[in-house]
Amino acid sequence: MNKAAVKRIGVLTGGGDAPGLNAVIRAVVKTAVRVYSMSVVGFENGFGGLIKNQAREMSEADVAGILPIGGTILGTTNRDNPFHYPVTRGGETTFVDVSDRVFENISIHGIEALVVIGGDGSLAIANELYDRGMKVVGVPKTIDNDLSATDQTFGFDTALATATEALDKLHTTAESHHRVMVLEVMGRYAGWIALASGIAGGADVILIPEIPYNIDVVVEKINDRSKEKKKFSTIVVAEGAKPLDGDIMVKKKVEGSFDPIRLGGIGDAVAQAVESATGKESRVTVLGHLQRGGSPTAFDRILSTRYGVGAINLVAAGGFGRMVCLKGQHLDSVPLEAAVGELRNVPADGELVMVAKKLGICLGD
Ligand code: F6P
């Protein structure tokens, strides 16, 4: 048994869920209890639970059997920022700082350090709490894989597997019906899911936010395939993709969310444009939240477990204000500040894009 100065920790999951959250929670609790004799308090529904004091003790029994299960047993939300919290009075909503409630609840539970499992929004809040004196450690989560300070977030591999399977299925029906099948995938402003699933699933066209597309180039690709007697095509479009002469498609604005812009609709726009220019029946599938659900892949289970163990090792070593990360094959850590500074986009001239192009995949440029 190792001795650590911190004897009681809190843990929460924040932002959109991702496969592997439960695996991290399990690793956090097991390592804290078994290796360092720490006790663990879980806060429910992200920072909302910290603000409203919705908390529960977590033992090893509470995390038994959750490794392969999607979602998060703690619940999560991409709202409830304690520094920008909505208060409605007389029908009018204003946003106020309620972070003092967070510090109060942490002290009520006798918690000495907090593990925040989240994406850029949750980690930015974690960093602000750290700046105000809380001992915080972060774990990088998101299916989008767009955090700059780590080579991979957990959740991405599972989302990629789901998108690839969807593309495989669309492929066969596209071929049977001689159609163009468009698959719209998530990823926010980064094209990692689209590019990787497009390569893995043998797409003919991949459109990503980092390379604004020319619809004429896409149409030419479909027509060229028709001339080669390939009567069907598959197109993967990232939700954040945009045409050369246009902008990203916003479905809705959600005030109070960590990311108030809800993307969507580009798949439909591409399918319509392709159908009217080629005369080929073009159909769209929006994969949506299927990418966030389900059992994590073996890779994500292992990465999540490594992150959970790494986070508690950081707590025990006093490495506060840091986030565990993956550098190449190795587990490492970086200051939270660096983790939330900028998003990691697909390099437009990077190796993965070049690989796609060498195979003849059209990137719309
Ligand atoms: O960040 C993860 C993600 O799934 C994005 O890919 C997507 O744009 C967004 O969250 C959707 O969020 P929500 O579930 O709030 O609609």
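In each ligand, atom 1 is the first atom listed, and ligand 1 is the first ligand listed. What's counted below: heavy atoms across the whole structure, side chains too, no hydrogens, waters or symmetry copies.
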Heavy atoms of other groups near [X] [atom1], more than 12 under 6.0 Å:
{"X": "K135", "atom1": "NZ", "result": "no"}
{"X": "K231", "atom1": "NZ", "result": "no"}
{"X": "K169", "atom1": "NZ", "result": "no"}
{"X": "E351", "atom1": "CD", "result": "no"}
{"X": "E281", "atom1": "CD", "result": "yes"}

Give me the ring orientation class for F232 and H171: parallel if the planes are under 30° apart, tilted from 30 to 60°, perpendicular past 60°.
perpendicular
Could you state the interatomic distance from OG (S304) to CG (L67), rounded to the nearest 0.5 Å?
8.5 Å
For [atom], what's the nearest protein heavy atom and its distance?
{"atom": "atom 3 (C) of ligand 1", "value": "R292 NH1, 3.5 Å"}
{"atom": "atom 8 (O) of ligand 1", "value": "E239 OE2, 2.6 Å"}
{"atom": "atom 15 (O) of ligand 1", "value": "N78 ND2, 3.0 Å"}

Has ligand 1 got any nitrogen or oxygen that is less than 3.5 angstrom from a nitrogen or oxygen of G187?
yes
So, does L263 sit close enough to ligand 1 that a heavy atom of it is under 4.0 Å from the ligand?
no
Examine ligand 1 and decide if any of its atoms is less than 4.0 Å from a heavy atom belonging to G119.
no
Distance under 4.0 Å to a non-hydrogen atom of [X]: what atoms of ligand 1 satisfy this?
{"X": "H289", "value": "13 (P), 14 (O), 16 (O)"}
{"X": "R188", "value": "5 (C), 6 (O), 8 (O)"}
{"X": "R262", "value": "16 (O)"}
{"X": "I143", "value": "4 (O)"}

Region of Q291 engaging ligand 1 - heavy atom pairs below 4.0 Å:
neither
Quick one: look at D259 and ligand 1, take heavy-atom pairs under 4.0 Å, and tell me if it's side chain, backbone, both or neither.
neither
If you measure from atom 6 (O) of ligand 1 to every heavy atom of T153, D144, V254, which option wins on shortest distance?
D144
Is L287 linked to F156 within one hydrophobic cluster, defined over Ile, Leu, Val, Met, Phe, Trp and Tyr using a side-chain heavy-atom separation of less than 4.5 Å?
yes
Quick check against the 3.5 Å criterion: does T278 have a side-chain atom that pairs as donor or acceptor with the backbone of S276?
no
